Amino acid sequence: MALTGIRVIELAGLAPAPFCGMILADFGASVIRVDRTKVAMSLDNQARGKRSVALNLKTPEGVAILRKLCVRSDVVLEPYRKGVMEKLGLGPEKLLKENPHLIYARLTGYGQSGPYATVAGHDINYIAMSGLLSRLGRHKDKPYAPLNLVADFAGGGLTCAFGIVLALLERTRSGQGQIIDASMVEGAAYMGSFVWKSRAIGMWERGRGQNMLDGGAPFYDTYQTADGKHVAVGAIEPQFYQQLLRGLGLDTADLPPQMSFDHWPELKRVFEGCFATKTQAEWTDIFDGTDACVTPVLSFDQVSSHPHNKERGSFVTDCGEDESPRPAPVLSRTPADPCLARDPRIGQHTGEVLEEYGFKSEDIDNFVAAGVIERNVPVAKL
Ligand SMILES: C[C@H](CCC[C@H](C)C(=O)SCCNC(=O)CCNC(=O)[C@H](O)C(C)(C)COP(=O)(O)OP(=O)(O)OC[C@H]1O[C@@H](n2cnc3c(N)ncnc32)[C@H](O)[C@@H]1OP(=O)(O)O)[C@H]1CC[C@H]2[C@@H]3[C@H](O)C[C@@H]4C[C@H](O)CC[C@]4(C)[C@H]3C[C@H](O)[C@]12C
């Protein structure tokens, strides 16, 4: 796999950093998640392929152990509020001095500087601060956050993983590590570059929910079908729009022009009436194989058995029968090979990892006795 041989230390966080760690693990990195001790249950549901070490960083021994892990690693990924790592004696200056090759990734909401740097926040706050949230939502409705996808995962976890891969690539030339300041506000804003830059051509001149790609246009929206399900319509280009009208049994001559903003509400009502006459499956039969850009809105239950996704193997099932998306994109020679074993328990790999990093077994036993680390070895079922 592309990242085989790369050693990553991920400090356990809420959602964005776990996703970043999972991406790296999916593509072959050895990812060790450092969990707190005395925790009943992991919050990490993106733990695929990771190992867990339970370490009390509020002890000097715990800090020393982490430093030793970082000396022999390529990447450390930290998801805490600005200043937390420095307070623990684990700041980047110190760790990079001990290991100049280390890539020190800091994944936060507001970044490492500025008046908000130390303030708590979540995805919705970060997309609000990026400007994007002001553009998301329906006409005459309040701004609406699309799950916690934009900042936490696209602007956060994925962007940070990209930064790590860039730094690893650059390190092959310079031999040096570096610090990555991954702010979810900036990651989300950057992901929104198309929106920013297409303002110049008037794409967002109208209010929220009244533009072509934000639910304003009748040819770029979802519609309810006769069985209460939905279809998604994305027929932007005139030649595809014509195919949409053909499938709906509508005649261009009876309708206002596609790009007449003032007629969009009226045209939407026409489309709503049409789509309400047949079931989702019936519309799928009509539109499948055409360029009308109409697709069923699939539920999580339906998605892996759709013939297209099924043929490509777009979803994987783990040993607990849980389905999830396979890693993307697909690399031809070195594709990801996601681990299908059960997620690690907190501290499941403490002993194994510490031995791998050169700790003696008697020292490991002493750390356990002192409450610096925890081992949680699963009991074999007979
Ligand atoms: C799925 C839910 C997650 C939702 C995601 C949400 C929408 C997001 O947007 S996540 C993005 C959040 N923002 C960031 O990550 C930005 C950067 N980070 C921060 O700004 C902050 O970390 C913070 C604001 C997120 C949290 O601040 P906090 O004050 O808590 O922490 P910090 O200041 O960073 O300091 C950390 C301290 O911890 C110490 N530490 C760290 N490691 C160790 C260690 N190994 N040993 C000892 N100490 C350690 C460190 O030193 C710091 O100490 P100090 O403070 O003294 O300096 C999930 C959200 C809630 C979940 C549910 C909930 O938990 C209840 C259930 C629990 C159960 O177990 C499972 C089911 C739950 C229902 C659970 C389910 C889901 O997981 C959630 C809903």
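Computed from a predicted model, the values in this text were never measured in an experiment. Whatever order the structure lists them in is the order used to number ligands and atoms, beginning at 1. When a residue number appears, it is its place in the shown sequence, counting from 1.
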Atoms in ligand 1 flagged as close to [X], the criterion being non-hydrogen separation under 4.0 Å:
X	answer
Leu43	64 (O), 67 (C), 68 (C), 69 (O), 70 (C), 74 (C), 77 (O)
Asn148	5 (C), 7 (C)
Met184	14 (C), 15 (O), 16 (C)
Pro16	10 (S), 11 (C)
Leu55	44 (C), 45 (N), 46 (N)
Leu88	51 (O)
Ala120	24 (C)
Met41	69 (O), 70 (C)

Using distance alone, determine whether [X] and ligand 1 share an N or O pair under 3.5 Å.
X	value
Asp123	yes
His122	no
Thr108	no
Ser42	no

Indicate whether [atom] is within a distance of less than 4.0 angstrom of some protein heavy atom.
atom	value
atom 66 (C) of ligand 1	no
atom 23 (C) of ligand 1	no
atom 71 (C) of ligand 1	no
atom 74 (C) of ligand 1	yes
atom 78 (C) of ligand 1	no
atom 55 (O) of ligand 1	no
atom 26 (C) of ligand 1	no
atom 1 (C) of ligand 1	no

With a 4.0 Å cut-off, would you call [X] and [Y] a salt bridge?
X	Y	value
Lys278	Asp227	no
Asp221	Lys268	yes
Glu352	Arg375	no
Asp214	Arg208	no
Asp318	Arg342	no
Arg106	Glu86	yes

For [X] and [Y], does a side-chain donor sit closer than 3.5 Å to a side-chain acceptor?
X	Y	value
Thr290	Arg246	no
Gln242	Thr252	yes
Ser52	Gln348	no

Review point. Between Arg206 and Phe261, is NZ or CZ placed under 6.0 angstrom from the six-membered ring centre and within 45° of the ring axis?
Key: yes
Point to revise | Over-ring placement of Lys82 relative to Tyr110, 6.0 Å and 45° cut-offs | key: no
[X] touching ligand 1 at heavy-atom level, < 4.0 angstrom:
X	answer
Lys82	no
Tyr110	no
Leu11	no
Gly121	yes

Residue, atom name and distance, where the atom is the protein heavy atom closest to [atom]:
atom	result
atom 41 (C) of ligand 1	Tyr80 OH, 3.1 Å
atom 13 (N) of ligand 1	Tyr126 OH, 3.0 Å
atom 50 (C) of ligand 1	Val84 CG1, 3.5 Å
atom 46 (N) of ligand 1	Leu57 N, 3.0 Å
atom 58 (C) of ligand 1	Leu14 CD2, 4.2 Å

Practice item. Would you mind telling me if ligand 1 is within reach of the side chain of Asp35, the backbone, both or neither, using heavy atoms under 4.0 Å? Key: backbone
Practice item. Give the contacting part of Pro79 toward ligand 1: side chain, backbone, both or neither, where contact means a heavy-atom distance below 4.0 Å. Key: backbone
Exercise for review: Check whether any side-chain heavy atom of Pro338 lies under 4.5 Å from a side-chain heavy atom of Pro327, and answer yes or no.
Suggested key: yes
Point to revise | Side-chain heavy atoms of Met184 within contact of Pro16, under 4.5 Å | key: yes
Options [options], ranked by nearest heavy atom to [atom], top entry:
atom	options	answer
atom 53 (O) of ligand 1	Lys58, Arg81, Gln46	Lys58
atom 57 (O) of ligand 1	Lys87, Glu78, Arg36	Lys87
atom 11 (C) of ligand 1	Val119, Asp152, Thr59, Val372	Asp152

Revision key, fill the gap. Only one of Leu133, Ile127, Ile124 passes side-chain contact (heavy atoms from CB on, under 4.5 Å) with Val150, and that residue is Ile127
Practice item. Kindly work out whether a path of hydrophobic side-chain contacts (I/L/V/M/F/W/Y, heavy atoms less than 4.5 Å apart) joins Leu107 to Leu11. Key: no
**Study point:** Cluster link Val53 to Ile9, ILVMFWY, side chain under 4.5 Å
**Key:** yes
Exercise for review: Report yes or no: does Ser198 contribute a side-chain atom to a donor-acceptor pair with the main-chain N or O of Phe194 at less than 3.5 Å?
Suggested key: yes
Review point. Once the angle between the rings of Phe287 and Phe275 is folded into 0 to 90°, is it parallel (under 30°), tilted (30 to 60°) or perpendicular (over 60°)?
Key: tilted
Review point. Is the distance between the ring centroids of Phe219 and Trp264 less than 6.0 Å?
Key: yes
